[in-house]
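Counting convention: from 1, in listed order, for ligands and their atoms alike. None of these values were measured; they are calculated from a predicted model.
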Amino acid sequence: MTRGTLLFRVFLIMAVPVLLVCSCFTAVTAQGELIPGQELLKNGDFSSDLLFNLYTESGGNAALSIQNGELQIDVNKIGRVGHAIQPYYDGFRLNEGVEYLLSFDAHASLTRDMFIRIQLNGGDYHAYFEQQISVTEEKQHFSLPFVMKEATDPAPRLCVNMGFVDPMAAAGLKPEDIEPHTVWFDNFSLTIKDVSGLVTDDSGVKISPIRINQVGYLPGAVKTAVITDLDADSFTIVRSPHGETVFEGTLSAPVYNPSSGEMIRIADFSGLNMVGKYKLITSDGTVSEEFPVNRQVYDKLLRETLRMLYLQRCGMELEEEHAGIYVHPVCHSDLAIVYGTNQKIDVSGGWHDASDYGRYVVSGAKAAADLLLSYEMNSTLIDNIGIPESGDGVDDRLQEARYELDWMLKMQAESGGVYHKVTGQNFPGFIKPQEETEQMIVSPISNTATGDFAGVLTLGARIFTDSGSPELAALSSTYLAAAERAWTYLEEHRNDPGFTNPTDIVTGEYPDGKAGDERFWAAAELARFTGKDIYRSAAAEMLASGEVTAELGWVEMGGYGLYAILSDQALSKENEAYIMAETLLSESIQRIRSGISVNSYGINRMNEFEWGSNMGIANDGVVLLMGAAIFDNEALRASAARQLDYLLGENAAGYCFVTGLGTISPTYPHHRPSTAFGATVPGMLVGGPDSSLEDPYAQNVLASCFPAKCYADSDQSYSTNEVCVYWNSPLILLISALTGN
Ligand code: G3I
Ligand code: 9MR
Ligand code: ZN
């Protein structure tokens with residue numbers, strides 16, 4: 001046979017079946033061509049890498065392996081719900097309107113029901129496609145066509161619910177009636193069947209090539225915009241709404257920014273100090289979002305970011321007057337069980353950490369410390385946040401911090417040590433706070449929690465003493481006594497290992513094997529407030545140990561201790577500890593500034609953006625402001641303000657990273673209350689770019705992103721789009737300090 005004939009025959013063999021099963025045209029999307037017959041799963045025949053994982057909960061216990069070229073699931077305990085055992089596969093896309101064909105083989109050591117699903121991988125995890133199947137000892141081939149009827153999902157999950165499924169209960173069975181058994185799968189395939197119904201949607205967010213602080217600028221501040229990938233070489237600023245030109249400038253020469261993969265020019269319009277609303281227009285006609293310049297420009301931002309903390313309060317009723325639609329009755333108020341014991345204790349109160357309703361001491365201590373320092377760095381009264389304590393003449397930042405500190409007192413054990421956290425065994429579903437009714441468990445004591453507790457309660461004791469509020473001042477001695485007991489415990493347990501989750505608790509870990517920095521912070525605060533030698537010498541010893549850095553948590557807390565020493569008026573500048581602290585702070589400032597100087601976005605990040613990078617950037621701003629105050633250096637204030645500009649829109653993602661503020665801000669944060677109440681809570685700083693892609697959505701949708709752009713506004717992306725009390729708090733501190741004097 002000639003080559004031509006062979007090719008012709010191959011074409012015929014392939015074309016005929018395809019022509020029979022579909023209307024055979026392809027479709028083009030922004031992500032590439034959709035071709036009927038195209039396989040979307042990798043290694044569905046289990047001949048090489050295992051790309052399936054196993055999720056278990058609610059008592060489910062199983063093991064997943066490849067045996068003889070099949071996927072084998074050994075079910076030891078079936079659990080209490082259908083998804084108690086769930087093998088799953090991520091890493092494909094479903095386009096709206098397209099018909100797919102899902103097929104696989106399955107058999108089991110006994111006959112049983114299960115559900116094959118393709119579902120949303122987050123939120124309410126509802127199924128786009130679900131089919132009940134009965135798997136028997138005899139191998140069966142399943143071939144299941146379906147149409148994706150919902151909006152295109154770039155990162156759905158294929159899974160099998162093979163825990164205790166509803167048909168078992170309907171048949172009168174109980175979980176304990178189901179014996180251990182084995183199920184095998186093979187030849188998983190998901191192919192495109194028919195693209196004729198494809199629905200394309202180009203309504204997605206359009207990011208402007210002009211990156212600007214969308215919330216606005218203070219008169220007198222340094223003001224810049226980052227202009228990306230444009231041919232323009234100059235710009236004008238026009239006043240809204242009539243368009244008169246108020247400023248003209250030349251753009252800087254283009255520079256390549258490796259962390260975002262863009263050619264960047266900078267527009268500097270620091271000379272624009274007149275109050276008003278403006279737009280920036282480049283010489284090629286590109287127009288920016290509107291931005292204001294005025295003295296009150298951050299008032300709303302400060303109010304909303306603070307109110308977010310109130311909305312995270314646990315253990316009290318949130319009433320409509322203050323919470324608006326986010327009302328809820330008292331939540332998480334039942335006694336919690338101390339892990340590994342029968343002891344039940346009251347640990348109600350405090351803030352829900354983030355999207356989850358866990359309450360963690362290390363992260364809460366950081367958040368409360370930032371609020372206390374925000375007052376110390378700018379004590380102009382803020383009493384109009386709209387929380388129950390507003391309007392009483394006492395600063396709302398202090399009263400919000402008090403809510404957390406009072407809870408922390410309950411987290412201290414008899415021994416003086418402090419429990420690490422209180423959470424359920426697992427993260428809850430996307431439900432309202434009061435709907436998480438699982439038994440709360442208090443995790444064991446940790447050195448990091450104990451050190452942070454001593455540090456922040458002493459800081460609270462000191463600041464409350466000078467707050468002008470007799471009610472707060474009265475708490476001071478209780479806080480200090482608790483802090484000193486924690487200190488004593490810490491001294492007796494210096495060699496204890498860092499906290500790790502007990503094997504059956506899978507909520508946030510806040511792992512940190514080094515408690516030297518927490519011990520330093522505690523010593524520095526205690527020394528400053530009490531003046532006692534034991535604390536002074538402990539702080540000096542830690543400074544000399546090399547374990548202290550000027551970071552602001554949650555991992556490294558040394559920066560708080562450095563600030564306590566350096567702002568202590570009672571300490572001579574010749575004091576050895578003072579000099580060591582000064583050196584550490586100024587070295588850290590040098591490092592931040594040298595990073596900033598080589599990144600056109602003005603931040604100390606290049607190829608690596610960590611989970612919660614927005615907190616890290618806000619923290620950098622705070623370190624710079626501490627330096628500005630201590631070294632009396634105005635230039636550091638401008639660099640700190642640049643960190644705020646980044647967070648509010650002058651960044652590579654083009655988002656104002658605070659919900660509900662600016663013109664393009666996160667709409668779908670990973671935040672259970674926002675999802676459960678059906679409306680995004682305003683004033684929440686999201687985590688921001690995480691170049692390590694630490695959730696399945698990010699892994700699918702952001703694969704090969706430039707580090708500074710590894711951000712997705714999706715409620716599934718908990719590693720880039722979650723919110724936390726301790727991410728809002730350094731932002732509150734930054735705004736408070738920048739708007740002072
Ligand atoms: O320490 C390394 C650093 O050396 C490295 O350069 C960098 C690279 O990205 O990673 C650093 O470690 C990261 C660590 O955070 C400290 O920044 C880890 O990769 C990263 O996985 C880890 O993420 C933490 C995440 O929990 C997972 O443990 C976040 O900081 C932390 O904010 C987050 O906290 C969760 C709670 O557990 C539960 N509640 C919600 C909260 C927010 O997502
Ligand atoms: O909602 C959880 C969030 O608060 C945590 O930061 C994150 C990482 O620990 O985990 C989230 O919970 C997810 C879990 O880790 C994996 N299954 C899906 C959960 C919700 O999307
Ligand atoms: Zn609660």
Side-chain angles (χ1 to χ4, degrees), residues 53 55-57 83 86 88 90 119-125 155 157 159 311-318 328-334 336 347-360 362-364 366-367 407 420-424 426-438 440 499-501 505-514 551 553-556 605 607-616 619 669-673 675 685-698 707 710 714-728:
N53 282 305
Y55 174 80
T56 55
E57 64 153 74
H83 60 283
Q86 194 184 60
Y88 65 87
D90 298 333
Q119 66 183 28
L120 173 70
N121 189 18
D124 65 0
Y125 295 94
R157 171 168 287 185
C159 60
L311 292 174
Q312 295 284 115
R313 284 193 198 178
C314 181
M316 68 174 259
E317 183 181 357
L318 298 196
H328 68 72
V330 177
C331 56
H332 302 107
S333 59
D334 290 348
V347 285
S348 56
W351 296 308
H352 300 135
D353 190 50
S355 170
D356 64 317
Y357 300 127
R359 286 160 291 143
Y360 306 77
V362 291
S363 60
K366 180 205 165 19
W407 165 73
H420 197 70
K421 61 171 174 178
V422 53
T423 67
N426 299 296
F427 287 118
F430 272 61
I431 52 178
K432 295 180 178 176
Q434 72 273 22
E435 290 163 3
E436 191 188 28
T437 51
E438 302 290 313
M440 288 293 115
F499 179 83
T500 49
N501 264 341
I505 296 186
V506 301
T507 51
E509 190 166 41
Y510 293 110
D512 177 4
K514 290 186 283 165
E551 286 163 81
W554 52 269
V555 184
E556 295 294 332
R605 296 286 181 290
N607 294 321
E608 209 173 82
F609 283 65
E610 73 283 12
W611 185 321
S613 62
N614 281 344
M615 174 196 78
N619 281 351
H670 181 84
H671 183 231
R672 284 172 175 76
T675 306
L685 178 67
V686 298
D690 174 359
S691 53
S692 299
L693 305 184
E694 296 182 82
D695 65 67
Y697 188 89
C710 297
S714 162
D715 57 7
Q716 294 174 56
S717 183
Y718 47 81
S719 65
T720 74
N721 210 30
E722 192 169 358
V723 304
C724 288
V725 291
Y726 60 98
W727 295 347
N728 260 43

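Protein heavy atom at the shortest distance from atom 22 (C) of ligand 1 is Trp611 CB, 4.3 Å. Closest to atom 42 (C) of ligand 1, if we only count protein heavy atoms, is Cys724 SG, 3.2 Å. Of the protein's non-hydrogen atoms, Glu608 OE1, 3.3 Å is the one closest to atom 8 (C) of ligand 1. Looking only at protein heavy atoms, the nearest one to atom 7 (C) of ligand 2 is Tyr718 CD1, 3.5 Å. Nearest protein neighbour of atom 20 (C) of ligand 1, counting heavy atoms only, is Glu694 OE1, 3.4 Å. Nearest protein neighbour of atom 28 (O) of ligand 1, counting heavy atoms only, is Pro511 CD, 4.8 Å. Summary of contacts: the protein heavy atom closest to atom 16 (C) of ligand 1 is Val555 CG2, 4.2 Å. Nearest protein heavy-atom neighbour of atom 32 (O) of ligand 1: Tyr726 OH, 2.6 Å. In terms of protein heavy-atom proximity, atom 30 (O) of ligand 1 is closest to Trp554 NE1, 3.2 Å.
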Walk me through whether Val362 and Asp512 qualify under side chain to side chain contact (heavy atoms under 4.5 Å, CB included). CA-CA 10 Å; Val362 291; Asp512 177 4; over 6 Å; no
Side chain to side chain contact (heavy atoms under 4.5 Å, CB included) assessment of Glu551 paired with Asn619: CA-CA 7 Å; Glu551 286 163 81; Asn619 281 351; over 6 Å; no
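Atom 37 (O) of ligand 1 is flagged as protein-proximal [any protein heavy atom, distance under 4.0 Å]. Inside a 4.0 Å radius of atom 4 (O) of ligand 1 there is not any protein heavy atom. Under the 4.0 Å distance rule, the nearest protein heavy atom to atom 1 (O) of ligand 1 falls outside the cut-off. For atom 11 (C) of ligand 1, no protein heavy-atom neighbour is present inside the 4.0 Å cut-off. Shown here, atom 14 (C) of ligand 1 is out of close reach of the protein: none of its heavy atoms lies under 4.0 Å off.
In terms of polar-atom proximity, Arg672 is counted as a contact of ligand 2, with an N or O under 3.5 Å from an N or O of the ligand.
A donor-acceptor distance shorter than 3.5 angstrom exists from the side chain of Gln312 to the backbone of Ala354, with no hydrogens or angles considered. A donor-acceptor pair is defined here as one N or O able to donate and one able to accept, closer than 3.5 Å; such a pair exists between the side chain of Glu509 and the backbone of Asn501.
Distances from the Zn ion (ligand 3) to the N/O/S atoms of His332 are shortest for ND1.
Atoms of ligand 1 found under 4.0 Å from any heavy atom of Ser692 (numbered from 1 in listed order, with element): 9 (O). The distance from ligand 1 to the heavy atoms of Gly508 drops below 4.0 Å at these ligand atoms: 36 (C), 37 (O), 38 (C). For ligand 2, the atoms closer than 4.0 angstrom to any heavy atom of His670 are 1 (O), 2 (C), 3 (C), 11 (C), 20 (C), 21 (O). Proximity to Ala354 (heavy-atom distance under 4.0 Å) selects the following atoms of ligand 1: 39 (N), 40 (C). Under a 4.0 Å criterion applied to the non-hydrogen atoms of Asp353, ligand 1 contributes the atoms 38 (C), 39 (N), 40 (C), 41 (C). Heavy-atom proximity to Asp356, at under 4.0 Å, picks out these atoms of ligand 1: 38 (C), 39 (N), 40 (C). Close approach to Glu722 involves these atoms of ligand 2, each under 4.0 Å from a residue heavy atom: 3 (C), 4 (O), 5 (C), 6 (O). Against a heavy-atom cut-off of under 4.0 Å, Asp356 is close to the following atoms of ligand 2: 4 (O). Ligand-side atoms of ligand 1 in range of Glu610: 9 (O), range being under 4.0 angstrom from any heavy atom. The atoms of ligand 1 that sit less than 4.0 Å from any heavy atom of Tyr360 are 38 (C).
Of the charged side-chain nitrogens involved, at least one lies within less than 4.0 Å of a carboxylate oxygen, so that Arg605 and Glu610 count as a salt-bridged pair.
Side-chain contact between Arg359 and Trp351: absent, with no pair of heavy atoms (C-beta onward) separated by less than 4.5 Å. Residues Thr500 and Pro511 are not in side-chain contact: their nearest non-hydrogen atoms beyond the backbone lie 4.5 Å or more apart. Asp334 is not listed as a side-chain neighbour of Met440, based on a closest heavy-atom distance of 4.5 Å or more. Residues Gln716 and Arg157 have side chains not in contact (no heavy-atom distance under 4.5 Å, counting atoms from C-beta outward).
Here the closest heavy-atom approach between residue Arg672 and residue Gly429 is recorded as NE-O, 3.2 Å. The nearest pair of heavy atoms linking Thr423 to Gly358 is CG2-CA, 3.7 Å. Looking at every heavy atom in both residues, His670 comes nearest to Asp715 through ND1-O, 2.7 Å.
Within a 6.0 Å sphere centred on CD of Glu435, other residues, nucleotides and ligands contribute more than 12 heavy atoms.
Rounded to the nearest 0.5 Å, atoms CG (Asn721) and OH (Tyr697) are 9.5 Å apart.
Compare Phe427, Tyr357, Tyr125 by their heavy atoms: the one nearest to atom 19 (C) of ligand 2 is in Tyr125. Considering only non-hydrogen atoms, atom 41 (C) of ligand 1 lies nearest to Tyr510 out of Trp727, Tyr510, Phe609, Tyr718.
In Glu722, the part holding a heavy atom less than 4.0 Å from any atom of ligand 1 is the side chain. Of all the heavy atoms of Trp611, the ones lying under 4.0 Å from any atom of ligand 2 belong exclusively to the side chain. For Tyr697, no heavy-atom contact with ligand 2 is shorter than 4.0 Å.
Distances shorter than 4.0 angstrom do not occur between any heavy atom of Gly612 and any atom of ligand 1.
Under 3.5 Å, the side chains of Asp690 and Thr720 contain no donor-acceptor pair of N or O atoms.
Using cut-offs of 30° and 60° on the angle between ring planes, the pair His352 and His328 is tilted.
Of the listed residues (Tyr510, Trp407, Phe499), just one forms a ring pair (Phe, Tyr, Trp, His ring centres under 6.0 Å) with Tyr360, and that residue is Tyr510. Checked against Val723 for a side-chain contact (heavy atoms from CB on, under 4.5 Å), the options Val686, Asn614, Asp353 give a single hit: Val686.
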